[in-house]
Amino acid sequence: MKGLITFALIGVLYPSLTLAQSDLLDVNENTTVRRVEFEYTDADRYSPRFRTAELRELTVIRGISRYRWFRRFLGNSRSEDDRLNPIELQRDVVRLRQAFREAGYLHTHVNYSNSTHDRQKNQVVIQFSIMQGPPVIIQDVGFFADQGFLATSLDEQLRKAWIDFRDQTSFDVGDVFTIFEMVQIEDQVLGWFKDQGYAFADLKTSFTIDSLYNAADISFHVDTGPPGFIDTIEVIGAPDVNRSVVLRSLPFQRGDPFSQQDLIEGQRALFALGLFSIVQVDIPPQPQDQSVQVQVNLERSRPRHVSAETGYHQREGITAEGRWSHRNFLDGARTLILTTQIQTGLLATAGVGAVSSRSARAAVALTQPHVGTTKLRAIIEPFILYERDPLAQLSSRLLGFNRREYGASMTMIYGIQQDRFITLRYNLSRTTSFTQSISGDAYDRSVLLLSGTLGWIDNLLRPTQGFIVQPLIEQSGLIESWLGVRPLGLRYHKMQMKIGVYIPISQRFRFSGHLKAGRIWPRGSREITLYSEDGVQRIHSQFVQPTENRFDALRYYIGGADDVRGWSTGLAGPKAIRTGPMDSVDDGAERRGVYEPVGGLARISASAEVQFQLGGPWYGAAFMDAGVVSSQTSDGCSSEYFEDVNMTRPIPVQCGFTDDGKLSLSQVKIGTGLGVRYDTPIGFIRFDVATKLNPDPLDLQSSGDALNSDEATRNVWYRYNVHFSIGQAF
């Protein structure tokens, strides 16, 4: 009854419109919308301004979605969503007209007279017919000052810069006129003059539209005012913070030419200190002369802060972190942070035949901002780490920890912009391995690393447009060579590059692509002479203990939630079956073992993904990944190796592999799959199901089956892999 009354009211209020939609006269409150269509009736004369997908975003009326069952399952759809709402139908007509007007089309007509009603199913097909009409074209645009044309009122140097900016920014004669773009130009012009030192620049815009000829004339009147210089900087609030800390964070000082961009950068720099919850850097009302007063309004955040958080990683299981921080340690905006991180391994899914990782780390980090410049900060961090490295043999120690590392890192970070920075880090540490075959192997690491994050993306956590480049150069032993002393521990050169590209295809679809490449050059590595029942063997040291354990963490691997997703973490490419004491009992016992990825001195991997919106914060994804590492399987692997010719001192060897750092296209692993994304403030929660397109025999077997079966026993389900992760795959 309510629906009939509503339609009766519409018939009174809009008699001509209702009569025009005669096929919808007998709808009722139970009528549903089968689908919504859009038609440009003058498309042969004027190119459509909006695509169909954009028109759907402008309207509220929705048809029955092909994903309705899925959206209802997610709680994003109700039965009422598909019902015809006559009020919203009328409003949609107004919304469409308004959108075309704002886009510069003054004579657009919208109706739904061609809509149809299936009385048997009580369903309607809404068809919006759009006669777009011609756009309003700009026939003249000018920038003026009190003395005439704006350009002639500026000095020669500024005039040239202004003309270049104007030609890149403003309308051109023949462009379509829109209010939105006019407001954008106003903001850009005012911002440009304020960046040139005109703190009190003002702009007024006037325009006339000839609706008969669909032409527009626009005039921008700019009053630059006098050029300004910073006279005083007033800091208000947060009295317990040393004023010198605030002033040195600002990229300007008294006597400098005024720049609006400097005010914005100063506000960002003060926020980055972590001392304040509110920061405002602005110019208050004042006489408009050459002396500019800047006001900094601050509100202090708590100097001490305790936090705890937990999470989940597919390979590491449940994780936890506790943190205590002092945001103004010993004054000077220094930050002292005590951190404890635990990766429990609980509920981890490392993959078929693989071992999950586990670690406990404690660190004390002291950050010193403003090292010579506001863009440079230094961090010193002593730490201690215990871990169960899945790439190394197991240990009988507490929680299975097979490695301990302690040391300190010194880091310098130069921030170009918020999402662009360069990092220089030196790490000095001592590592001790505790494995079943080699216990107490201790070695030092002296590593110098230079890395950066460059490019531009619209959002660091959920990028949809732009590109990002992350180069890295790492060297071990360089500092010692500079000092003329013997190198500590490992010696190598390492280079890698990560590139991410994000392209919006439409409002519902977007593309992302990633490329990762890297190469390691070990220094001083050599072949080692070993002895076996098959005779003398020459094996590269990177496959012989303890060197193999030492380089495991440095080598490149492919496979996992952020890489070639058809495989578990690191298991795409060659892998060894690592056995332990329980695997060497009498012949009648079934042998066990775990897969250990061999990795490589070089790798390259790439992925392509298309995301599409399902509804609300839910997205679907289709992806394809490929990658390869440089290691390859080889023949002539003996069962046991010895250091001495009498074969009395056995030594663990990862035999059956070679690695010269060269990549082979025939070894490329390819996977594809589908996924679901849930958008959160910290990034996407990702659930992916992937399949291996070209698996090796071991990819379809458990490690136990591979050890105990004479004939290959393959499980078709091992072809598929499931990944659960948080964040962008990069």
Side-chain angles (χ1 to χ4, degrees), residues 339 341 343 357-366 378-395 397-398 400-412 423-451 472-496 518-528 539-557 596 599-601 643 651-654 659:
T339 306
Q341 298 171 321
Q343 298 171 351
S357 61
R358 179 181 295 158
S359 68
R361 186 180 189 272
V364 180
L366 178 64
I379 305 171
I380 181 169
E381 183 181 28
F383 66 91
I384 183 169
L385 169 69
Y386 284 87
E387 69 173 326
R388 180 177 72 183
D389 183 0
L391 299 177
Q393 293 182 340
L394 300 181
S395 169
R397 295 199 168 217
L398 177 67
F401 289 145
N402 54 16
R403 178 176 293 157
R404 180 190 65 211
E405 182 179 2
Y406 61 87
S409 65
M410 287 70 72
T411 306
M412 305 289 285
T423 300
L424 178 66
R425 177 180 300 160
Y426 176 68
N427 188 86
L428 180 63
S429 64
R430 185 167 182 82
T431 303
T432 305
S433 296
F434 308 103
T435 63
Q436 294 170 340
S437 55
I438 296 181
S439 181
D441 171 47
Y443 58 96
D444 300 311
R445 291 186 63 192
S446 172
V447 180
L448 186 65
L449 181 148
L450 178 65
S451 63
L472 178 145
I473 301 174
E474 185 177 327
Q475 213 281 342
S476 180
L478 183 62
I479 296 293
E480 296 90 309
S481 65
W482 288 348
L483 298 176
V485 299
R486 183 176 62 86
L488 297 174
L490 303 180
R491 300 174 62 197
Y492 62 89
H493 300 286
K494 184 175 184 178
M495 296 182 65
Q496 73 177 35
R519 178 70 161 90
I520 302 171
W521 293 270
R523 296 178 60 197
S525 60
R526 55 189 174 83
E527 288 188 335
I528 299 175
I539 298 180
H540 201 282
S541 61
Q542 63 183 301
F543 298 113
V544 180
Q545 297 282 14
T547 310
E548 186 246 314
N549 270 359
R550 298 179 183 183
F551 270 93
D552 272 346
L554 302 174
R555 293 169 67 84
Y556 290 110
Y557 303 88
E596 178 184 351
L601 295 175
E643 294 182 89
I651 183 171
V653 174
Q654 194 179 64
D659 191 353

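This structure is a prediction, so every number in the text was calculated from the model and none was measured. Numbering starts at 1 and runs along the sequence shown.
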With sequence neighbours left out, what residues match Tyr386 under side chain to side chain contact (heavy atoms under 4.5 Å, CB included)?
Ile384, Phe401, Arg404
Residues in side chain to side chain contact (heavy atoms under 4.5 Å, CB included) with Ser446, at least two apart?
Tyr426, Leu428, Ile479, Glu480, Leu488
Interatomic spacing from [atom1] in [X] to [atom2] in [Y] - rounded to 0.5 Å:
X	Y	atom1	atom2	answer
Gln542	Phe551	CD	CZ	8.0 Å
Ser429	Asp444	OG	CG	7.5 Å
Arg388	Ser395	CZ	OG	10.5 Å

Sequence neighbours left out, what passes salt bridge (charged side-chain N to carboxylate O under 4.0 Å, His left out) with [X]? Give chain and number order.
X	result
Glu405	none
Arg550	Asp441
Arg403	Glu387, Asp389

Exercise: identify the closest heavy-atom pair between [X] and [Y]:
X	Y	answer
Ala392	Asp552	N-OD2, 4.4 Å
Pro522	Tyr492	CA-CB, 4.0 Å
Phe383	Ala408	CE2-N, 3.7 Å
Gly599	Asp659	O-OD2, 4.4 Å
Leu601	Tyr556	O-CD1, 3.8 Å

Option among Lys494, His493, Met495 that satisfies the side-chain contact (heavy atoms from CB on, under 4.5 Å) test with Gln475:
His493
Report the residues that fulfil side-chain hydrogen bond (donor to acceptor under 3.5 Å, both in side chains) with [X], sequence neighbours left out, ordered by chain and then residue number.
X	answer
Thr547	none
Asn549	Gln545
Arg425	Thr411
Gln341	Glu321

[X] vs [Y] side-chain heavy atoms within contact, under 4.5 Å:
X	Y	answer
Leu554	Glu474	yes
Leu424	Leu450	yes
Arg555	Leu391	no
Leu449	Asn427	no

Apply side-chain contact (heavy atoms from CB on, under 4.5 Å) to Phe543 and Ile528, showing your working.
CA-CA 10 Å; Phe543 298 113; Ile528 299 175; over 6 Å; no
Name the atoms and distances for all side-chain donor-acceptor pairs under 3.5 Å in residues 358-366, with sequence neighbours left out.
{"from": "Arg358", "atom 1": "NE", "to": "Thr344", "atom 2": "O", "distance (Å)": "3.0"}
{"from": "Arg358", "atom 1": "NH1", "to": "Leu399", "atom 2": "O", "distance (Å)": "2.7"}
{"from": "Ser359", "atom 1": "OG", "to": "Gln343", "atom 2": "OE1", "distance (Å)": "2.9"}

